[in-house]
Each structure stands twice: as C-alpha cells, then as structure tokens.
A.B. asks: 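Sharing a structure with you now.
Heavy atoms only: backbone and side chains are in, while hydrogens, waters and symmetry mates are out. Heads up: numbering here begins at 1 and tracks the sequence.
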Amino acid sequence: MFAKAFRVKSNTAIKGSDRRKLRADVTAAFPTLGTDRASELIPGKEELNVVKLYAHKGDAVTVYTRGANPILFELEKNLYPTVYTLWSYPDLLPTFTTWPLVLEKLAGGADLMLPGVVVPPTGLPPVQQGDLCAIALVGNRAPVAIGVAAMSTAQMLASGLKGKGFSVLHTYQDHLWKSGDKSTPPAIAPLAVNPTDSSEEKVGLDLQGNLSSLTLEGEEETRKLHHSEASEDNSSGALSQNSSDGKPLQEQMDELLQQCFLHALKSRVKKADLPLLTSTLLGSHMFSCCPEGQQLDIKKSSYKKLSKFLQHMQQEQIVQVKELSKGVESIVTVDWRHPRITSFVIPEPSLTSQTVQEGSREQPYHPPDIKSLYCVPASMTQLFQESGHKKGSTLEGSEVRRIIVDYAKRNNLVDADNKNLVKLDPILCDCLLEKNEQHVVMKLPWDCLLTRCFQTMQPAYQVTFPGQEPILKKGKLCPIDITLAQKSYNKKVTVVRNLETYGLDPCSVAAILQQRCQASTIVSPAPGAKDSLQVQIQGNQIHHLGQLLLGRWKDEVRAEARIPCSTIHGGPRGLHHSFQSVSWISLMVTSQFCLHAALSGLDYRSWSVKILPELS
C-alpha cells in the first residue's frame with residue numbers, strides 16, 4: 001500500500017477526547033496489548049498527531065504519529081500497527097517468518113506467497129482467514145511487515161504451502177516507514193524451543209506413519225525423549241544456578257536501561273535533533289539500541305517510569321529536561337563531554353543483526369549536480385550550424401561563449417581599431433537585432449553581444465542525481481521558495497516550494513519541520529505547478545527554515561555523504577556545498593517585506609542580502 005509515495009492532505013494535533021477514543025479503539029483491536037501498554041502507546045500528554053493522506057492507488061488512510069514516527073494507521077475503519085510499534089511490542093500479532101531476501105520484494109509492493117514462509121519447529125501460528133499478522137525474518141523476531149492472512153493455518157497446511165499466504169499492507173523500507181526517523185529493526189532473538197515439546201511433536205507425527213515402522217520409530221523416539229528430559233533437567237539446574245549467582249532482574253534492567261540511554265546519546269541523537277521529545281528518545285532511539293536477545297521494559301526497572309529515570313540522569317548533569325509545552329517533556333541539552341558518555345563503548349552488532357540489516361540500509365543522500373544550459377532556437381540555427389549544432393541543441397554557457405568568439409574571429413568581425421567592438425554581419429543581425437535596429441546598429445561591444453545572445457536562447461538545466469541518468473529540463477531553474485502568508489484571524493503560515501528539484505522529499509522535510517518547530521505541517525499540491533508539492537508550516541518559521549537549510553541538512557550531508565565538516569560551516573560555503581551548483585535560493589516574505597538572498601556560480605563573494613525599501 002505504501003510502496004509508492006503518498007499525498008498528505010492534513011497533519012494536525014489530536015484532541016483530548018479523540019485521544020481517549022483512540023486508546024479505547026486500540027485496546028479493543030489488540031486485546032493482548034492490555035490497558036497499561038495501550039496507555040504507553042497512546043500517552044495522555046505527549047505529542048500525538050493525526051495525518052490524513054491518500055495512497056498512490058487513491059485509498060484514504062489516517063495515520064497516527066507520535067513524535068517523529070507513525071505508530072498506527074487506519075484503513076476502512078480498521079486499525080493496523082506500524083513496524084515502529086511492533087518493534088516495541090513484537091508479540092502483539094501472530095508472527096510468520098520468511099527469508100531476508102524476500103524483504104526487498106515485499107517492500108516493492110509484492111504479497112507474501114506460502115513457498116516463502118519458513119515453518120518453525122513448533123509449527124505455524126494458528127490464524128484464521130482475514131486475521132492481521134506480522135512477518136519477521138529468519139533469526140530475528142522484530143517484524144518487518146504487516147499483512148492480512150489470505151487463508152487459515154489449516155488451509156495453508158492443506159494446500160502444501162502453495163499459493164498466496166498474506167496480503168501485505170505495510171513493510172519496513174516503504175514510504176510510511178520513511179516518513180518516520182528511518183531507524184532499522186532491533187535485533188530480537190527467536191523464542192527458545194522446548195526440546196520436550198519438539199520431541200513429543202515428532203513422536204506424534206511419526207505415529208501417523210505406516211504401521212510397519214511404528215515399533216522401531218516408537219522405540220527410537222522413546223530413547224530421544226528420555227535423553228531430552230535428562231538434558232532439560234541439566235539445563236534447568238544450570239539456569240537456576242545462574243539465577244541464584246547472578247544479579248536480580250531489577251538491577252539487570254537498570255543496567256540495560258542506562259546502556260540503551262548512553263548508546264542512543266552517543267550514536268543516534270545529534271545536536272540538531274534538540275529539543276527532542278522524551279517519548280521519541282525512548283521509542284525511536286533507545287529501543288533500537290537494545291542488545292540482541294534482550295527486551296527493554298522500564299516497568300521492570302527500579303525507576304518504573306521514563307520521567308523518573310530522566311530526572312536521575314539530569315541530576316548527574318548528563319541531560320537537561322524541560323516541559324516546553326503543558327504536560328510534554330523534551331530533552332533540551334545534552335552534555336556529550338560527560339565522562340559517562342565519553343567512556344561508554346558502543347557494543348559491536350551481532351552476526352544476526354548484521355545479517356538482518358545487510359542490504360537493507362537506506363542509501364545516503366547525495367546532492368544533485370545541476371548545470372545551467374541554453375537551447376538553440378530556430379532563429380539562431382545559422383549561427384550555430386557551423387559548429388555542428390542544430391535547433392534544440394543544449395549548450396553550456398562557456399560553450400556558447402566560445403562558439404560566438406570563434407565565429408567572430410573566423411569571419412574577421414572584430415573591429416581593427418577597437419578590439420572591444422564586434423561588427424555585425426547579416427547572420428548576427430538576424431539573430432540578435434530587432435527589426436528597427438538592423439539598419440541602425442552596426443557594431444556591438446563584446447559584453448552586449450554575449451548578453452543578447454544568452455537572452456535570445458531558451459534557458460534550460462540538467463539535473464544529475466548520483467547513480468542515475470541526467471534529466472534535462474527546459475525553462476529556468478526554480479529556486480527553493482519560502483513564503484510567509486497571512487491567513488484569517490491574523491494567523492500566519494510559512495510555505496515552502498520547489499524542494500523536489502534539489503532531491504529533497506517534501507514529506508521528509510515536513511516531518512523534520514514539525515519536530516523542530518513544534519507546529520503542525522501540511523503537504524499539499526502546489527498551486528499552478530504540475531506534479532509539485534508544497535510544505536505549509538503553522539506560524540512564522542523563517543528562522544527555523546534558515547537553520548534547517550544551513551544547519552540540519554548540513555548535519556545530514558556530513559553524517560551520510562561523509563563530506564568534511566570544514567566545508568559545511570553554515571555560511572554560503574556550507575549551503576553551496578550541500579546543494580552543488582544551485583544557482584540561487586530566495587527567501588520571500590510577503591508580509592510587509594521581502595528578503596532576497598542570492599548565491600551564484602562558484603563565486604562565494606557574490607553572496608549578498610538585499611533589503612527592499614519596504615523594510616525601512
């Protein structure tokens with residue numbers, strides 16, 4: 001359903017009454033979750049938003065987001081959890097297992113066929129046709145997809161595991177997952193199989209064989225059964241010994257909580273993420289830092305609540321927590337030089353988690369290479385045909401300049417008395433002069449000649465994304481346009497347009513702005529532009545947008561594209577390096593004044609800020 005990009009209709013904060021209704025609906029839809037865990041999933045005071053969108057096939061979907069991550073989506077009055085929710089509650093749905101190579105097909109929009117289902121030793125989970133199920137990969141219980149069973153478990157076994165097993169609705173790596181913080185699945189070890197149960201199951205299956213081998217098979221299974229019971233007794237004795245010699249469960253959970261907290265601060269949380277909601281820290285960062293085979297549960301620790309744990313960390317001066325809005329706590333500062341953070345050693349990922357994440361990491365963002373070009377019009381064909389170019393050919397500015405200079409020198413058009421003047425022959429007159437000028441203007445200066453040539457030619461530009469074929473587009477390069485508009489009741493909104501040209505996803509930008517500005521955002525079609533989206537943010541967010549372009553994307557590019565930090569320092573150099581060859585970026589404020597900032601070519605000294613008279 002979310003294999004292709006969707007269109008966001010609205011993004012608003014949920015009301016208190018709707019929040020309570022949603023919590024009741026979640027408890028009714030997922031009885032195994034329980035009331036307490038439903039309250040954790042749908043908190044009473046933390047930020048929760050409702051996003052209404054249209055999938056690429058036209059389906060109307062309602063998505064509930066907490067912090068930066070979608071946690072639930074509603075389709076045809078049915079609630080479904082996202083992979084972000086299932087990573088925190090992996091036992092919420094009956095889980096089926098498939099191979100890691102199948103994940104790429106599922107993310108591309110394919111359904112899961114029964115030949116791709118791996119049958120565990122304990123057998124398939126019992127489900128009925130139409131039941132909601134989770135899909136995990138071999139070696140990791142963290143679900144990577146959510147689907148609806150196309151047949152019951154009995155029908156699956158009766159069909160010999162052939163045919164379609166599940167209609168997949170949402171997967172890890174699809175566009176709904178990309179609308180969140182794009183974290184990878186945590187490593188959750190598979191449940192241990194009871195050897196006695198597996199032996200008894202095998203005995204039961206063998207009893208269904210032919211009668212001729214019944215006696216021999218029974219004797220062999222009896223010996224295996226006694227052997228498994230003896231090994232189980234030994235293992236249980238060892239477990240009891242370890243539990244008696246080891247630390248209490250509460251103390252182990254305290255250590256795990258602190259480990260995940262320090263791991264998240266050192267490797268995942270950046271300065272640009274602050275202020276960071278405490279719920280986002282837990283759900284998006286700490287849970288994914290949990291070691292393989294362990295599950296983080298704050299209620300089993302001595303702190304019982306995340307707020308008490310963060311108060312303890314604040315007393316140690318590691319973080320500072322403030323209530324920026326009523327009932328919503330956020331981390332505003334982090335002391336990354338604190339000895340506990342600097343001395344913390346990030347554990348190496350296990351082979352299982354490396355296998356799950358291998359080949360599934362998102363490609364890092366690389367800015368596009370944008371070149372300004374000029375198209376040869378029909379009126380200038382004679383001027384360029386000697387150089388081998390015809391109507392519609394695209395040329396760079398330097399190439400156009402070289403062709404004009406060569407033409408003038410080859411035809412002896414440079415004035416012998418004044419080298420700065422060029423005599424106009426009939427071809428140049430037809431190409432560059434108006435009708436009333438053809439018998440009046442006989443010579444032109446070089447700069448005027450080239451300027452008229454560029455003005456006559458049709459502008460175009462070429463966009464090249466890394467690893468893709470160049471895309472040629474005619475017309476002028478549209479800048480990133482930021483407009484402050486005034487709505488009714490003196491309310492202001494900030495609108496951002498033309499992000500797609502520079503490889504920026506409007507939905508991702510909206511999600512970051514919503515977190516940074518603590519304001520609602522809406523992604524909608526841009527008026528007067530075909531296949532273009534605009535991002536609308538509540539309030540005057542010009543300052544935050546400036547920080548985003550000069551700071552946030554600087555951090556993203558530095559972290560993913562590995563560009564040296566010295567080239568990204570927040571000024572025009574950093575902005576230019578983040579968007580290579582972008583001709584200019586304009587910030588327009590339509591309420592009372594207009595601010596225009598230009599960045600042209602490779603000349604960093606051309607950075608200028610012009611304030612119109614209206615400002616003074």
A.B. asks: Search all heavy atoms of Ser330 against all heavy atoms of Leu277 and return the closest pair with its distance.
C.D. replies: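 Taking Ser330 first and Leu277 second, the nearest heavy atoms are OG-CD2, 3.2 Å.
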A.B. asks: Of the non-hydrogen atoms in Gly165 and Leu114, which two are nearest, and what is the gap between them?
C.D. replies: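 Minimum heavy-atom contact is CA-CD2, 3.6 Å.
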A.B. asks: Checking Tyr461 side chain against Tyr374 main chain: does a donor-acceptor pair fall under 3.5 Å?
C.D. replies: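 Here the side-chain-to-backbone pair does not exist.
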A.B. asks: Atom CG of Asn69 and atom OG of Ser88: how far apart are they, to the nearest 0.5 Å?
C.D. replies: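 Nearest 0.5 Å value for the CG-OG distance: 9.0 Å.
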A.B. asks: Which donor-acceptor pairs under 3.5 Å do side chains of residues 94-111 form with protein atoms, sequence neighbours excluded?
C.D. replies:
unit_1 : atom_1 : unit_2 : atom_2 : d
Thr95  : OG1    : Leu93  : O      : 3.2
Thr98  : OG1    : Gly116 : O      : 2.7
Asp111 : OD1    : Val168 : N      : 3.0

A.B. asks: Is there side-chain contact between Lys9 and Ser524, with at least one heavy-atom pair below 4.5 Å?
C.D. replies: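 No; the side chains remain at least 4.5 Å from each other.
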A.B. asks: Please name the pair of heavy atoms, one in Thr65 and one in Pro70, separated by the smallest distance, quoted to 0.1 Å.
C.D. replies: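 What the structure gives for the nearest pair is CG2-CA, 3.8 Å.
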A.B. asks: Would you say that Leu472 contacts Leu373 through its side chain, given a criterion of any heavy-atom pair below 4.5 Å between the two side chains?
C.D. replies: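 With C-beta onward as the side chain, the pair touches.
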A.B. asks: Does the Gln129 side chain pair with the main chain of Ala150, one donor and one acceptor, at a distance under 3.5 Å?
C.D. replies: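 Between the backbone of Ala150 and the side chain of Gln129 there is a qualifying donor-acceptor contact (under 3.5 Å).
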A.B. asks: Check Ala145 against Thr171 and note the closest heavy-atom contact, atom names and distance.
C.D. replies: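 Between these two residues, the closest heavy atoms are CB-CG2, 3.8 Å.
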A.B. asks: List the steps, then state whether side chain to side chain contact (heavy atoms under 4.5 Å, CB included) holds for Val117 with Leu112.
C.D. replies: CA-CA 8 Å; Val117 176; Leu112 180 60; 4.1 Å; yes
A.B. asks: Got Leu53 and Val63 here, is their nearest side-chain heavy-atom distance under 4.5 Å?
C.D. replies: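 A side-chain contact exists here, since the closest heavy-atom pair is under 4.5 Å.
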A.B. asks: Working to the nearest 0.5 angstrom, can you tell me the gap between Cys375 SG and Lys391 NZ?
C.D. replies: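 That separation rounds to 11.0 Å.
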A.B. asks: For Arg37 and Thr32, indicate whether the former's side chain and the latter's backbone hold a donor-acceptor pair under 3.5 Å.
C.D. replies: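 Indeed, once roles are kept as given, a pair shorter than 3.5 Å links the two residues.
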A.B. asks: Quick check: does any side chain N or O of His170 sit under 3.5 Å from a backbone N or O of Val83, one acting as donor and the other as acceptor?
C.D. replies: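 Judged by distance alone, yes, a pair lies under 3.5 Å.
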A.B. asks: If you count heavy atoms of other groups shown closer than 6.0 angstrom to CD of Glu323, is the number above 12?
C.D. replies: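 Result for CD/Glu323: enclosed.
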A.B. asks: Just by distance, with hydrogens left out, do Glu74 and Tyr64 show a side-chain donor and acceptor under 3.5 Å apart?
C.D. replies: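 Side-chain D/A pair, Glu74 to Tyr64: present.
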A.B. asks: Taking Thr494 for its side chain and Gln541 for its backbone only, find out whether a donor-acceptor pair lies under 3.5 Å.
C.D. replies: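 Side chain of Thr494 to backbone of Gln541: a pair is present.
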A.B. asks: Whether the side chain of Ser159 engages the backbone of Gln155 through a donor-acceptor N/O pair (distance < 3.5 Å, no angle test) should be reported.
C.D. replies: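 Between the backbone of Gln155 and the side chain of Ser159 there is a qualifying donor-acceptor contact (under 3.5 Å).
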A.B. asks: Just say parallel, tilted or perpendicular for the rings of Trp87 and Tyr172, cut-offs at 30° and 60°.
C.D. replies: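 Plane angle over 60°, so perpendicular.
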A.B. asks: Can you tell me how far apart NZ (Lys182) and CH2 (Trp177) are? Round to the nearest 0.5 Å.
C.D. replies: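 Going from the NZ atom of Lys182 to the CH2 atom of Trp177 covers 7.0 Å.
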A.B. asks: With a 4.5 Å cut-off on side-chain heavy atoms, are Leu324 and Val332 touching?
C.D. replies: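 Result yes, sub-4.5 Å side-chain heavy-atom pair found.
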A.B. asks: For His263, does its backbone N or O pair with a side-chain atom of Ser267 as donor and acceptor, under 3.5 Å?
C.D. replies: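 Side chain of Ser267 to backbone of His263: a pair is present.
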A.B. asks: Which heavy atom in Arg7 sits nearest to a heavy atom in Pro525, and how many Å separate them?
C.D. replies: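 For Arg7 and Pro525, the tightest heavy-atom pair comes out as CD-CG, 3.9 Å.
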A.B. asks: Hey, are the side chains of Pro81 and Leu132 touching, using non-hydrogen atoms and a 4.5 Å cut-off?
C.D. replies: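 Yes, side chains in contact.
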A.B. asks: Would Asn498 and Asp481 count as having a side-chain donor-acceptor pair, cut-off 3.5 Å?
C.D. replies: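 No, no side-chain donor-acceptor contact under 3.5 Å.
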A.B. asks: Would you check, one step at a time, whether the test side chain to side chain contact (heavy atoms under 4.5 Å, CB included) holds for Val269 with Leu276?
C.D. replies: CA-CA 9 Å; Val269 179; Leu276 180 66; 4.0 Å; yes
A.B. asks: Is it the case that the side chain of Arg66 and the backbone of Ser279 share a donor-acceptor pair, with hydrogens and angles ignored and the cut-off at 3.5 Å?
C.D. replies: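 Pair absent, no side-chain N/O of Arg66 close to backbone of Ser279.
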A.B. asks: Using a 4.5 Å cut-off on heavy atoms from C-beta on, say whether the side chain of Gln458 contacts that of Pro377.
C.D. replies: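 Answer no - side chains too far apart.
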A.B. asks: First locate atom NZ of Lys77, then atom OG1 of Thr62, and finally report the distance between them rounded to the nearest 0.5 Å.
C.D. replies: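 If we round to the nearest 0.5 Å, Lys77:NZ and Thr62:OG1 are 11.5 Å apart.
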A.B. asks: Do Asp174 and Lys4 meet the salt-bridge criterion of a basic N to acidic O distance under 4.0 Å?
C.D. replies: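 Salt bridge absent between Lys4 and Asp174.
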A.B. asks: CG/Asn11 to CG/Asn49 distance, rounded to the nearest 0.5 angstrom?
C.D. replies: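 Reported value, rounded in 0.5 Å steps: 5.0 Å.
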A.B. asks: Determine all donor-acceptor pairs shorter than 3.5 Å in which one atom belongs to a side chain in residues 17-30; sequence neighbours excluded.
C.D. replies:
unit_1 : atom_1 : unit_2 : atom_2 : d
Arg19  : NH1    : Pro43  : O      : 2.7
Arg19  : NH1    : Glu46  : O      : 2.8
Arg19  : NH2    : Glu46  : O      : 3.2
Lys21  : NZ     : Asp25  : OD2    : 3.1
Arg23  : NE     : Ile42  : O      : 3.1
Arg23  : NH2    : Ile42  : O      : 3.0
Thr27  : OG1    : Arg23  : O      : 2.9

A.B. asks: Decide side chain to side chain contact (heavy atoms under 4.5 Å, CB included) for Thr464 and Ile471; before the verdict, give the C-alpha distance in whole Å, the side-chain angles of both, and the deciding distance to 0.1 Å.
C.D. replies: CA-CA 6 Å; Thr464 305; Ile471 302 174; over 6 Å; no
A.B. asks: Between the main-chain N or O of Pro125 and the side-chain N or O of Thr153, is there a donor-acceptor pair closer than 3.5 Å?
C.D. replies: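 Between the backbone of Pro125 and the side chain of Thr153 there is a qualifying donor-acceptor contact (under 3.5 Å).
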A.B. asks: Does any non-hydrogen side-chain atom of Lys178 lie less than 4.5 Å from one of Cys507?
C.D. replies: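 No, every pair of side-chain atoms sits at 4.5 Å or beyond.
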A.B. asks: How long is the span from the CD1 atom in Ile188 to the CZ atom in Phe287, to the nearest 0.5 Å?
C.D. replies: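 Reported value, rounded in 0.5 Å steps: 10.0 Å.
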A.B. asks: What heavy-atom pair brings Ala60 and Leu75 nearest, and what distance separates the two atoms?
C.D. replies: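 Scanning both residues completely, I find the closest heavy atoms to be O-CD1, 3.8 Å.
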A.B. asks: Tell me if the centroids of the rings in Phe2 and Phe73 come within less than 6.0 Å of each other.
C.D. replies: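 That pair passes the under 6.0 Å test.
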A.B. asks: Are Arg497 and Leu533 close enough that some pair of their side-chain heavy atoms sits under 4.5 Å apart?
C.D. replies: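 No; the side chains remain at least 4.5 Å from each other.
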A.B. asks: Run the side chain to side chain contact (heavy atoms under 4.5 Å, CB included) test on Asp91 and Arg141 for me, step by step, so that the C-alpha distance in whole Å, both residues' side-chain angles and the decisive distance to 0.1 Å come before the verdict.
C.D. replies: CA-CA 9 Å; Asp91 300 323; Arg141 280 199 308 128; 2.5 Å; yes
A.B. asks: Is there a donor-acceptor contact under 3.5 Å from the side chain of Asp59 to the main chain of Met1?
C.D. replies: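 Not at all, since once roles are kept as given, no pair shorter than 3.5 Å links the two residues.
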A.B. asks: Does the side chain of Gln538 pick up a donor-acceptor pair with the side chain of Ser520 at under 3.5 Å?
C.D. replies: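 On atom types as modelled, these side chains qualify, holding a pair under 3.5 Å.
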